[in-house]
Amino acid sequence: MLPRKRTRQVTVGTVKIGGQAPVVLQTMTSGHTHEVDRCIAEVRKLAEAGADLVRVAVPEKKDTAALPPLLAASPVPIVADVHFHFERALEAVEAGVHKIRLNPGNIQDRVKVDRVIAACKERGIPIRVGVNEGGIVERRDQRLRAAEKASLSRDYTGNLIRLMLDKLAAYLRIFDENDFHDVVISAKSIDPRVVIDMYTAISARYDYPLHLGVTHAGPPETGRIRSIAALGTLLANGIGDTIRISYAADPIHEVEDGQELLCSLGLRRRRGPELIACPGCGRIQVDLFKLVTDVRRQLAEIDVPIKVAVMGCLVNGPGECEGADVAIFAGAGKGVIYVRGEQKQVVSEDRMLEALLAECREFAESVKRSEAQLESASR
Ligand code: SF4
């Protein structure tokens, strides 16, 4: 892992993006913003799952009209996603939204952009300049692009990146000329290779914080690979201040996978259990996959960071078990349970799940007791 690149910092309600602030995890609601009760419920669910910021679409006036009650009820800052109609941005600013997203692909009129910038400047509201491959490339170019992409031409990605950088630079000049620097940049593509090269080029050119994402990544089963390949590479190279993984599915999956990515890279403290399990092989003598599934489901009730290992045999079992908080390796008809790296008990196969979970709960309680003692000692 390379050290994080230090960028400018912007403030989005109670959340900081950039500088050396922790990488911010965001997502977007899937429902209509004007159905305000449902929208509030969705925002709360996403925040509870770990989203630091939630973006909402405001295509119509009735959507910006729903912002005041949403902002009053939301546990996290809200970003208004504006396309085509600059008036929605002005209404969202008036409602007190915490950040605006503008798309240079569909709001280009200088007078309109100036008005949005002036309104945000007056209220101290940051703007994300969100360039998308699909929205910024002219139609004629898109047809050429399809032909070039079919041949996976190197020229294609090089040209696309140059085009996106030029569009971005032209848009950012407007912000510069308004002496407005509360800016976050995103430049998304459906192609993880373009995303990696694009953000690397932007990071070298600008010190604005970067919002990472792969756009239109598809359903989680395939979108996960596209997103993690690009975002994981960039984050490991020290690039990126906020991320959104986007799926054609319930956004709760975006938050879950975003959290796992940040935790796996050591960029976020885990809030719950981390499960390590071997893939199983011909040495296995128990139903390991069932055991792992059952353990995973039941660990969901535990809300402290705890590393749990479930291993199929003696080969790697003891090594992994010694490195986990609570662990088990299975053998012929029995399981050996470790706690804090020490062997604690041997149980029969029919008691493995129950005994392992009991140790996990006891471990979690002891963590909570220690944290409470530390807290009362620090008062
Ligand atoms: S721990 Fe044992 S069962 Fe699991 S993959 Fe390794 S050798 Fe196979």
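Numbering of ligands and ligand atoms starts at 1, following listing order. FYI, the numbering just counts along the sequence from 1.
The closest protein non-hydrogen atom to atom 6 (Fe) of ligand 1 is N316 ND2, 3.5 Å. Of the protein's heavy atoms, C281 SG, 2.3 Å lies nearest to atom 8 (Fe) of ligand 1.
Shown here for I239 and S203, the closest heavy-atom pair between the two residues is CG1-OG, 3.8 Å. In this structure, E42 and P251 approach most closely via the heavy-atom pair OE2-CG, 3.4 Å.
Atom 8 (Fe) of ligand 1 does not have C278 among its coordinating residues (no N/O/S atom, backbone or side chain, under 2.8 Å).
Within the listing of ligand 1, atoms 7 (S) sit less than 4.0 angstrom from a heavy atom of R283. Heavy-atom contacts of V315 reach the following atoms of ligand 1: 7 (S) (cutoff under 4.0 Å).
A side chain to side chain contact (heavy atoms under 4.5 Å, CB included) with I328 is found for one member of V308, V286, I337 and no other, namely I337.
Comment: R162 does not engage D166 in a salt bridge, judged by the lack of any side-chain N to carboxylate O separation of less than 4.0 angstrom.
Between R361 and E301 there is a side-chain heavy-atom pair separated by less than 4.5 Å.
Considering each of G319, C313, G282, A309, the one bringing a non-hydrogen atom nearest atom 2 (Fe) of ligand 1 is C313.
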